[in-house]
Amino acid sequence: MQGGAFVMFTGLAEQMRCYWLCHYFPEMMNRSIERMPSESTLRAALSRAGFGSVTVTPFFVTDELEDLFLYSGKHRPNLYLDPGVRANISSFANLTSSAELHDGLARLSADLKSGVFASVKAHYAKGDGDYVYVTAHANS
C-alpha cells in the first residue's frame, strides 16, 4: 500500500464499559460492547492492513450534539425515554429485550425524578472520551 490515510469515528469497547447506560441496560450494553473493538485490536488490525502511524483522539459527547447515536444522551438522559429516539439507535432497536427495556427505563425515570441519577452518572465518569477518531497513515 502506498500513501493513503484511513479515518474512522467509533466507540471502543473499553470506553463503552464506562457509559452510565450500563447501569440501566447491562445486557444491551454487553451485546454492544462485544461488537466493538478494543484499542489494541483496532491498532493490530490497522497494522496488519499496512498502516504504520495510528493516532487515536478522544471525542467527548456534549449537550450540543445533534446526531442521536448510542451515547448521545450522556448529558440528556431524558432522550432515552423517547421511543422515537430509541427506535433510531441500533442498540436499543436490536440488542435489548422488552423486559430489560421496560425495567431500565423505569429505573432511569425514577432515578431522574429522585435525583439519584446524578450519582449514577458520576460513578461512570472518566476522562478517556466517549468515542474516538482513529487516523491511520499507510506505510510508504
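Start at 1 with the first residue, then count along the sequence.
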So, [X] side chain and [Y] main chain: donor-acceptor pair closer than 3.5 Å or not?
{"X": "Arg43", "Y": "Val54", "value": "yes"}
{"X": "Asp130", "Y": "Val61", "value": "yes"}
{"X": "Ser109", "Y": "Ala106", "value": "no"}
{"X": "Arg86", "Y": "Leu81", "value": "yes"}
{"X": "Glu27", "Y": "Ser97", "value": "no"}
{"X": "Asp82", "Y": "Asn78", "value": "no"}

Requested in this report: Could you point out which residue of Leu46, Asn139, Thr135 forms a side-chain contact (heavy atoms from CB on, under 4.5 Å) with Phe51?
Outcome: Leu46
Report task. Working to the nearest 0.5 Å, report the span between CD of Glu39 and CD of Glu14. Result -> 6.0 Å
Query - Value rounded to 0.5 Å, distance of CG in Leu12 from CE in Met36 - result: 7.5 Å
Requested in this report: Could you check whether the rings of Tyr133 and Phe9 sit parallel, tilted or perpendicular, using 30° and 60° as the cut-offs?
Outcome: tilted
**Report entry** Parallel, tilted or perpendicular: rings of Tyr19 and Tyr131 (30°, 60°)
**Finding:** tilted
Would you indicate whether the side-chain heavy atoms of [Y] and [X] approach each other to under 4.5 Å?
{"X": "Lys126", "Y": "Gln15", "result": "yes"}
{"X": "Pro77", "Y": "Leu108", "result": "yes"}
{"X": "Ser91", "Y": "Arg31", "result": "no"}
{"X": "His137", "Y": "Thr55", "result": "no"}
{"X": "Val134", "Y": "Val7", "result": "no"}
{"X": "Leu42", "Y": "Met8", "result": "yes"}
{"X": "Leu68", "Y": "Asn88", "result": "no"}

Query raised in the report: Any salt bridge between Asp63 and Arg76, counting N to O under 4.0 Å?
Result: no
Query raised in the report: How far apart are the C-alpha atoms of His23 and Arg107, what are their side-chain angles, what is the distance that settles it, and do they pass the side-chain contact (heavy atoms from CB on, under 4.5 Å) test?
Result: CA-CA 9 Å; His23 182 80; Arg107 288 188 304 126; 3.9 Å; yes
Query - Reference residue Phe92; test ring pair (Phe, Tyr, Trp, His ring centres under 6.0 Å); the match among Phe25, Tyr71, Phe69 - result: Phe25
Requested in this report: Looking only at non-hydrogen atoms, find the nearest pair between Ala13 and Ile33 and report the distance.
Outcome: CB-CG2, 3.9 Å
Report summary line: Note: Pro37 and Gly11 closest approach over all heavy atoms is CD-O, 4.1 Å
Query raised in the report: Going through the distances and angles, do Val120 and Asp111 end up as a side-chain contact (heavy atoms from CB on, under 4.5 Å)?
Result: CA-CA 9 Å; Val120 171; Asp111 286 358; 4.1 Å; yes
Report task. Tell me, with the steps shown, if Thr57 and Val132 meet side-chain contact (heavy atoms from CB on, under 4.5 Å). Result -> CA-CA 5 Å; Thr57 306; Val132 293; over 6 Å; no
Query raised in the report: If two hydrophobic side chains count as joined below 4.5 Å and joins carry through other members, does Leu112 share a cluster with Tyr124?
Result: yes
**Report entry** Leu95 vs Arg35, side-chain contact (heavy atoms from CB on, under 4.5 Å): CA-CA, chis, key distance, verdict
**Finding:** CA-CA 11 Å; Leu95 301 177; Arg35 289 168 163 70; 3.5 Å; yes
Query raised in the report: Taking atom types as modelled and ignoring hydrogens, do the side chains of Tyr24 and Asp103 form a donor-acceptor contact shorter than 3.5 angstrom?
Result: no
Requested in this report: May I have the step-by-step check of side-chain hydrogen bond (donor to acceptor under 3.5 Å, both in side chains) for His75 and Lys121, ending in yes or no?
Outcome: CA-CA 9 Å; His75 303 292; Lys121 182 180 175 186; 2.9 Å; yes
Requested in this report: Step through it carefully: locate the ring centre of Tyr80, locate the ring centre of Trp20, and say whether they are under 6.0 Å apart.
Outcome: yes
